[in-house]
Undergrad: 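One structure, pasted below without further comment.
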Amino acid sequence: MSAQRWRLGEGGLIDRSRVLPFRFDERLLHGHPGDTLASALLANGVRLVGRSFKYHRPRGILSAGPEEPNALVELRGGARREPNTRATQVELFEGLEARSQNRWPSLGFDLGAVNGVLAPMIGAGFYYKTFMWPAAFWEKLYEPLIRRAAGLGRAPQAADPDRYERAHAHCDVLVIGAGPAGLMAALAAGRAGARVLLVEEDAALGGRLLSEAEEVDGRPGAEWAGAVEAELADMPRLRILRRTSAFALLDGGVVAAVERVADHLPEPPAHLPRQRSWKIVARRIVLAAGAIERPVVFGGNDRPGVMLAGAVRSYLNRHAVLPGRRAVVFTVGDDGWRSVADLLRGGAQIDAVVDARAEVPPEQAQLAARHGLRLVAGGRVTGTQGGRHLTAVRFADAAGREEGVGADLLAVSGGWNPSLHLACHLGNRPRWDAAIHAFVPGELPPGLVVAGAAAGRFSTHAALADGAATGLAAAQACGFDAAAPEIPRAEDAPRDAVPLFHVPGGRGKAFVDLQHDVTDADIALAHREGFRAAEHAKRYTTLGMATDQGKTAGVNGLAILARLAGQAISEVGTTTHRPPWTPVAIGAVAGPHRGRHFRPARHTPLHDWAAANGASFVEAGLWYRAQWYARPGEAGWRDSVDREVLAVRNAVGVCDVSTLGKIEVAGPGAAALLDLVYANTISTLAVGRLRYGLMLREDGFVMDDGTVARLAEDRFFVTTTTANAGAVLQHLEYCHQVLRPALDVSLLSVTDAWAQLSVAGPRARDLLAAVLDPGPDLSNAALPHMAWIAVRLGGVPCRLYRLSFSGELAYELGVPADYAEAAMRRIMERGASFGVTPYGTEALGVLRIEKGHPAGGELNGQTTARDLGLGRLVSTRKDCIGRRLAERPALTDPARPVLVGLKPADGRTPIRAGSHLLEPGVAAVTANGLGHVTSACFSPTLGMPIALALLSDGTARLGQRIRVFDPLRGGDLEAEICPPVFVDPQGERSRG
Amino acid sequence: MTPRPALAGRLRLGRHGQMEGAAGVMLRERAGLAVAAIALRDGRKAALQEALRAGFGLAVPRSRACTAAGGIELVWTGPNQWLALDGGRAGHSAFGFAPDLAAALGEAAPVTDLTGARAILSLSGPRLRDALCKLLPVDLEECVFPPGAAAVTLAGHIGVTLWRAPDAGDAWCLACLRSYGASLVEAVLEAAAEFGCAVEG
């Protein structure tokens with residue numbers, strides 16, 4: 001504790017009973033609860049905190065809030081290392097580790113500082129001018145060079161070990177900021193009975209009251225804030241979110257905020273996230289975000305020890321830290337005098353007060369006289385001295401006479417800029433207020449009001465009154481009412497000031513944007529080179545484009561531009577305020593949706609059964625599907641798949657096809673709707689029968705295929721591919737609601753209601769007869785191909801559809817999802833004597849390739865019905881979606897690639913999907929391409945590799961040879977072109 | 001034939017997340033419900049109301065609302081569509097619910113059996129709202145979402161139906177498509193971890 005040599009003996013909102021050890025650049029230091037990292041560093045006399053971005057100049061602590069451009073550190077270590085963290089925003093915790101950044105080999109001696117010497121060569125626009133030529137250098141040399149130089153801290157390489165959450169909040173009145181205005185607004189709205197959400201960026205409520213030595217209602221401001229907080233805490237419909245930054249105003253009264261749940265702790269406690277991002281839906285919003293003090297631009301204004309005057313008061317009053325022992329105060333008006341008074345009370349020696357006003361009000365002149373202070377009226381600070389820290393300040397008096405005094409602290413007060421960012425996020429422009437020399441909110445977005453300092457009303461009394469009025473009005477707008485709260489007594493002093501933003505012609509670099517090292521000379525250069533509009537100058541100089549988004553730089557930059565252009569600031573305009581108000585970690589925005597939780601998983605009712613029976617799973621969209629079922633002794637997946645395929649061809653197999661989309665279409669308009677969306681006619685389908693259905697997109701290409709079963713006169717059961725299930729339902733809804741609203745029809749996804757089992761193979765009928773409850777006639781006559789009947793299995797009502805994807809005698813058995821596993825067990829048990837074999841998607845794929853059925857590789861959004869050999873399905877007797885555009889010449893061009901089969905000429909070389917097709921002997925260039933392989937597999941039935949392909953003039957080429965060229969994976973072979981149906985081309989088996 | 005409900009084998013019973021004190025959230029599966037979807041035919045609202053009243057004593061819920069009578073819950077799931085859930089009418093088979101409903105509603109509204117098509121969670125506990133607000137974008141406050149309220153919304157990336165049956169006390173229901181059930185349970189457990197979640201059988 002004795003090491004905290006700059007800690008005041010008493011006062012401050014810190015807990016002196018506890019000492020928190022922490023490290024900065026490996027050095028062990030101590031602070032107290034209630035400290036920020038910045039205040040603790042200052043308490044230990046650490047003033048040099050980092051090196052600047054471009055010139056590697058020594059930098060200290062400028063502010064005490066979120067606007068900090070200088071004191072950026074790397075916080076924590078390992079996977080939790082967090083670069084560019086503002087020391088002013090970090091609550092001190094025991095064991096905190098922070099490191100300075102952008103320096104090598106050390107903070108005190110940084111070789112990068114040579115950039116400062118080179119400064120004349122690397123002014124604004126340096127990159128644009130230097131890295132222009134030769135163009136070939138860009139990728140190999142310039143870009144890596146710039147990337148290395150860019151940025152300050154180092155991002156961690158390891159994955160973030162912490163959790164992040166997203167949450168939603170709803171309220172009548174959202175109050176942003178818990179200073180005097182925000183507290184009163186919350187109090188007024190809360191007392192009226194409104195549901196109130198009070199959001200505060202700081203850990204403690206009170207805003208500037210925590211930093212000022214002033215009284216509210218006859219007691220210290222922080223104490224008054226504590227009393228209000230206690231009353232608010234008792235309101236059941238009021239909620240306070242601390243450590244929460246409202247960072248964006250979005251449409252419809254939605255505010256995005258990030259809550260730093262555990263950033264003030266070494267590690268998040270178990271089961272708590274590190275941060276939580278909130279989406280807040282509010283009926284009314286009171287923006288009481290306060291104001292940010294503006295520095296003045298003068299030579300050497302970046303030296304450690306140059307600090308905003310309000311921040312000086314924060315460190316003195318809130319943290320009980322003396323930021324300097326010999327101070328000069330530079331102010332443009334009344335406000336800096338508050339720092340004079342507080343510094344004197346804290347025991348600092350003040351060598352000079354440089355007041356930009358020619359006439360200093362009598363009470364301030366008297367204060368100076370009483371303490372024997374040197375008062376420089378009409379003065380300007382013109383330069384500073386010091387190596388790693390401020391040692392002297394030079395200033396000029398009204399007559400221009402310059403002199404210097406020794407100082408280790410220069411408190412600067414250039415006026416205050418209202419924190420109006422959120423009021424501008426929806427595109428509203430702020431308005432220049434000549435009375436306070438600052439931008440204030442202009443036209444406001446709907447539902448939002450601005451109170452207190454954020455509205456440019458700076459006295460504590462004004463903030464309290466403003467808060468009470470806006471809070472009550474917001475509650476009233478939501479239908480609540482109460483008497484207006486009494487406004488507590490508080491200071492209401494004038495804020496006289498002169499507009500002074502820049503002291504030109506001083507000594508040394510004068511920084512406008514401290515984080516991006518943009519000087520007044522850079523802005524002058526931009527102006528000379530024609531980048532005169534605010535938005536142009538910003539981009540040319542990068543002013544305001546650092547992580548602090550120019551919170552202390554923006555208005556000064558505009559003021560300098562205005563003077564160069566001979567315009568008023570109001571004429572120069574502003575740059576655009578965009579979210580986020582403060583840096584927000586991407587992790588907080590992603591919330592829990594990362595890694596395995598990036599997207600949900602879908603499981604079929606048979607998933608656990610499949611897993612227990614050796615299945616490997618493949619992701620199909622969100623679904624997990626059994627890919628194959630490995631058996632002991634099988635060397636690899638091909639063994640399993642070949643066995644499964646042959647079992648279907650020779651005995652009977654069963655496959656879980658529950659993931660196929662299933663839709664019930666019900667109502668008297670159902671048939672008409674299906675005739676519209678399917679290329680073939682559905683309305684003629686008899687009850688009890690099935691039909692293959694082909695759906696076209698509006699542009700005439702194939703959208704999806706599936707089957708349609710007519711359950712009743714006014715009810716159909718439609719299946720889709722797994723991948724298109726959602727899209728097809730949407731398409732049907734669109735066709736109904738938009739194109740045919742008069743049809744009386746309803747659509748319902750029943751995908752999850754049914755486990756669908758494909759039972760395929762010559763023994764399928766025998767198996768089903770053994771499994772189903774007795775009764776149904778499964779004979780070819782009673783249940784022919786493409787018909788369905790209701791059956792029972794162990795008393796459970798099921799549906800049996802006779803259809804075949806494999807080309808074998810096959811059925812799909814629809815089982816209510818709850819009974820899927822019981823049904824599967826019965827099938828395996830009773831089917832053992834028929835050789836029943838479960839098969840997965842891989843065997844399913846082989847079976848359909850052998851049969852020439854189009855699937856994903858062929859239904860790729862670029863094929864027509866004719867391309868796929870399904871042209872005859874497109875009915876010419878009715879209209880359907882896509883029919884007209886399918887008749888476009890390009891879609892009916894006979895040279896279009898059509899579906900063919902391929903067999904390797906040597907009977908054994910595998911063909912890979914994606915390979916290009918070329919005339920043998922021609923050059924392997926794109927222009928000679930004739931098509932490509934869409935699906936390929938090894939056919940155990942034929943005992944050789946086979947493939948499906950889309951080939952120009954394919955029908956005419958049947959029987960010819962083609963070159964199958966795969967430059968990506970080094971494949972090159974000749975194949976024989978054959979019809980796409982490799983097995984049972986007459987289709988006799990499926991009808992047997 | 002033993003039915004296997006949507007979350008069988010996917011719920012780890014017992015305490016999850018924070019272990020100290022009483023659980024903030026209680027979760028269990030509502031298994032064994034017979035479920036059916038009802039879609040209104042054009043211009044048959046009055047007939048539907050009459051049929052549901054006469055057959056089951058049920059009122060047709062308004063938008064974003066649910067009703068219950070005689071062990072049957074009726075939940076609004078979109079314009080002119082509802083989900084009916086039967087917790088077990090005495091003497092009726094679960095397979096009979098949709099056919100009974102269809103017979104009662106006749107031409108007024110097509111009925112489709114959705115038994116087993118949803119994973120349905122029953123949730124309760126003093127911190128339930130604090131947990132659910134991490135998943136659901138809807139306003140859960142008592143005055144906005146009282147017993148009898150229903151919502152169709154998203155929990156993260158999962159489409160869900162949320163309702164509070166009028167007679168269910170503090171228990172809320174959260175349902176999704178059956179196939180998403182395990183993911184939804186994981187999301188609920190994650191959201192409730194800080195309060196402690198008791199998964200009950």
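Proteins come first, then strands; the chains are lettered A, B, ... in the order of their sequence lines, and each starts at number 1.
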Undergrad: Counting only non-hydrogen atoms closer than 4.5 Å, does A/R825 touch chain B with its backbone (N, CA, C, O), its side chain (CB onward), both, or neither?
TA: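 Nothing of A/R825, per the 4.5 Å heavy-atom cut-off to chain B.
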Undergrad: Please give me the minimum heavy-atom distance between B/R41 and A/G667, naming the atom from each residue.
TA: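 Closest pair (atom of B/R41, atom of A/G667, distance): CD-CA, 4.4 Å.
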Undergrad: Could you look at A/F598 and say if it's the side chain, the backbone, both or neither that has a heavy atom under 4.5 Å from chain B?
TA: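 Interface part for A/F598: backbone (N, CA, C, O).
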Undergrad: Quick one: does A/V750's side chain get under 4.5 Å of B/T112's, heavy atoms only?
TA: yes
Undergrad: Roughly how far, to the nearest 0.5 Å, is NE2 of A/H170 from CZ of B/F145?
TA: 11.0 Å
Undergrad: Taking every heavy-atom pair that is under 4.5 Å apart, which of A/P592, A/P605, A/A169 has the most such pairs with chain B?
TA: A/P605
Undergrad: Roughly how far apart are B/I38 CD1 and A/S746 OG, rounded to 0.5 Å?
TA: 11.5 Å
Undergrad: Would you mind checking which part of A/A820 comes under 4.5 Å of any heavy atom in chain B, side chain (CB onward), backbone (N, CA, C, O), both or neither?
TA: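 When you check distances to chain B, no heavy atom of A/A820 falls under 4.5 Å.
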Undergrad: Between A/W623 and chain B, which part of the residue has a heavy atom less than 4.5 Å away: side chain, backbone, both or neither?
TA: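 Side chain only.
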Undergrad: Mind checking the CG-CD spacing from A/D714 to B/E107? Nearest 0.5 Å is all I need.
TA: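 It is 7.0 Å, given to the nearest 0.5 Å.
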Undergrad: May I ask you to test the B/R178-A/H603 pair for a side-chain heavy-atom distance under 4.5 Å?
TA: no
Undergrad: Looking only at heavy atoms, what is the nearest atom pair of B/A6 and A/D818, with distance?
TA: N-OD1, 4.1 Å
Undergrad: With a 4.5 angstrom heavy-atom cut-off, which part of B/N80 approaches chain A: side chain, backbone, both or neither?
TA: neither
Undergrad: Please check: side-chain N/O of B/H157 versus main-chain N/O of A/P600, any donor-acceptor pairing under 3.5 Å?
TA: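 Pair absent, no side-chain N/O of B/H157 close to backbone of A/P600.
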Undergrad: Quick check for you: among A/P668, A/A823, A/P816, which has the greatest number of heavy-atom pairs under 4.5 Å with chain B?
TA: A/P668
Undergrad: Name all residues meeting the side-chain hydrogen bond (donor to acceptor under 3.5 Å, both in side chains) criterion together with B/H16; count only those two or more places apart in sequence or in a different chain, and write none if there are none.
TA: B/R12
Undergrad: Using heavy-atom distances under 4.5 Å, tell me whether B/L135 contacts chain A through its side chain, its backbone, both, or neither.
TA: backbone
Undergrad: Hey, does A/E821 have a side-chain heavy atom less than 4.5 Å from the side chain of B/M1?
TA: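 No - every pair of side-chain heavy atoms lies 4.5 Å or more apart.
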Undergrad: Under the rule for side-chain hydrogen bond (donor to acceptor under 3.5 Å, both in side chains), what residues qualify as partners of A/E733, not counting sequence neighbours?
TA: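 side-chain hydrogen bond (donor to acceptor under 3.5 Å, both in side chains) check on A/E733 returns A/Q737.
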Undergrad: Using a cut-off of under 4.5 Å for heavy-atom pairs, which of B/L132, B/V138, B/I158, B/D130 has the most such pairs with chain A?
TA: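 Of B/L132, B/V138, B/I158, B/D130, B/V138 has the most heavy-atom pairs under 4.5 Å with chain A.
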Undergrad: Around atom OH of A/Y624, are there more than 12 heavy atoms of other residues, nucleotides or ligands at under 6.0 Å?
TA: no
Undergrad: Given heavy-atom pairs under 4.5 angstrom as the criterion, report whether the side chain, backbone, both or neither of B/A31 touches chain A.
TA: neither
Undergrad: Quick check on A/R594: does its CZ atom have over 12 non-hydrogen neighbours (other residues, nucleotides or ligands) under 6.0 Å away?
TA: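 Enclosed: over 12 neighbouring heavy atoms sit under 6.0 Å from CZ of A/R594.
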Undergrad: Decide yes or no for B/C133 and A/W278: does some side-chain heavy atom of the first lie under 4.5 Å from some side-chain heavy atom of the second?
TA: yes
Undergrad: Among B/L184, B/T115, B/L140, B/L136, which residue has the highest count of heavy-atom pairs closer than 4.5 Å to chain A?
TA: B/L136
Undergrad: Quick one: which of A/R276, A/R166, A/R715 has the most heavy-atom pairs under 4.5 Å with chain B, could you say?
TA: A/R715
Undergrad: Is it the backbone or the side chain of A/S658 that comes under 4.5 Å from a heavy atom of chain B, or both, or neither?
TA: neither
Undergrad: Please determine whether a side-chain nitrogen of the Lys or Arg among A/D744 and B/R44 lies less than 4.0 Å from a carboxylate oxygen of the Asp or Glu.
TA: no
Undergrad: Check the pair A/D608 / B/R10 against side-chain contact (heavy atoms from CB on, under 4.5 Å), numbers first and verdict last.
TA: CA-CA 9 Å; A/D608 294 348; B/R10 303 198 166 273; 2.7 Å; yes
Undergrad: Please state whether the side chain, the backbone, both or neither of A/L622 comes within less than 4.5 Å of a heavy atom of chain B.
TA: side chain
Undergrad: Looking only at heavy atoms and a cut-off of under 4.5 Å, which of A/A666, A/P797, A/S749 has the most pairs with chain B?
TA: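 Of the options given, most contacts go to A/P797.
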Undergrad: Could you look at B/Y180 and say if it's the side chain, the backbone, both or neither that has a heavy atom under 4.5 Å from chain A?
TA: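 Contact with chain A is through both the backbone and side chain of B/Y180.
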Undergrad: Out of A/R195, A/K279, A/E165, A/R826, which one racks up the most heavy-atom pairs below 4.5 Å with chain B?
TA: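 Among the listed options, the one with the most contacts to chain B is A/R195.
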Undergrad: With a 4.5 angstrom heavy-atom cut-off, is it the side chain or the backbone of A/A742 that approaches chain B, or both, or neither?
TA: backbone
Undergrad: For residues B/S183 and A/R599, is any side-chain donor paired with an opposing acceptor at under 3.5 Å?
TA: no
Undergrad: With a 4.5 Å limit on heavy-atom distance, are the side chains of B/K134 and A/H168 in contact?
TA: no
Undergrad: Would you mind checking which part of B/A8 comes under 4.5 Å of any heavy atom in chain A, side chain (CB onward), backbone (N, CA, C, O), both or neither?
TA: backbone
Undergrad: Could you tell me if the side chain of A/R237 sits less than 4.5 Å from the side chain of B/C143, heavy atoms only?
TA: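 B/C143 vs A/R237: side chains touch.
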Undergrad: Please find the pair of heavy atoms, one from A/L743 and one from B/D42, that lie closest to each other, and give the distance.
TA: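 The pair with the smallest heavy-atom distance is O-OD2, 4.1 Å.
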Undergrad: Would you say A/R740 has more than 12 foreign heavy atoms packed within less than 6.0 Å of its CZ?
TA: no
Undergrad: For atom CG of B/D170, is the number of surrounding heavy atoms from other residues, nucleotides or ligands below 6.0 Å larger than 12?
TA: no
Undergrad: Heavy-atom distances under 4.5 Å only: say whether B/V144 touches chain A with side chain, backbone, both or neither.
TA: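 B/V144 touches chain A through side-chain heavy atoms alone.
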Undergrad: Is there a side-chain contact between B/D113 and A/E664 in this structure, where contact means two heavy atoms from C-beta onward sitting under 4.5 Å apart?
TA: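 With C-beta onward as the side chain, the pair stays apart.
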Undergrad: Report yes if the side chains of A/H597 and B/E186 come closer than 4.5 Å at any heavy-atom pair, otherwise no.
TA: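 The answer is yes; the side chains approach within 4.5 Å.
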Undergrad: Please classify the contact between A/A270 and chain B as side chain, backbone, both or neither, with a heavy-atom cut-off of under 4.5 Å.
TA: neither
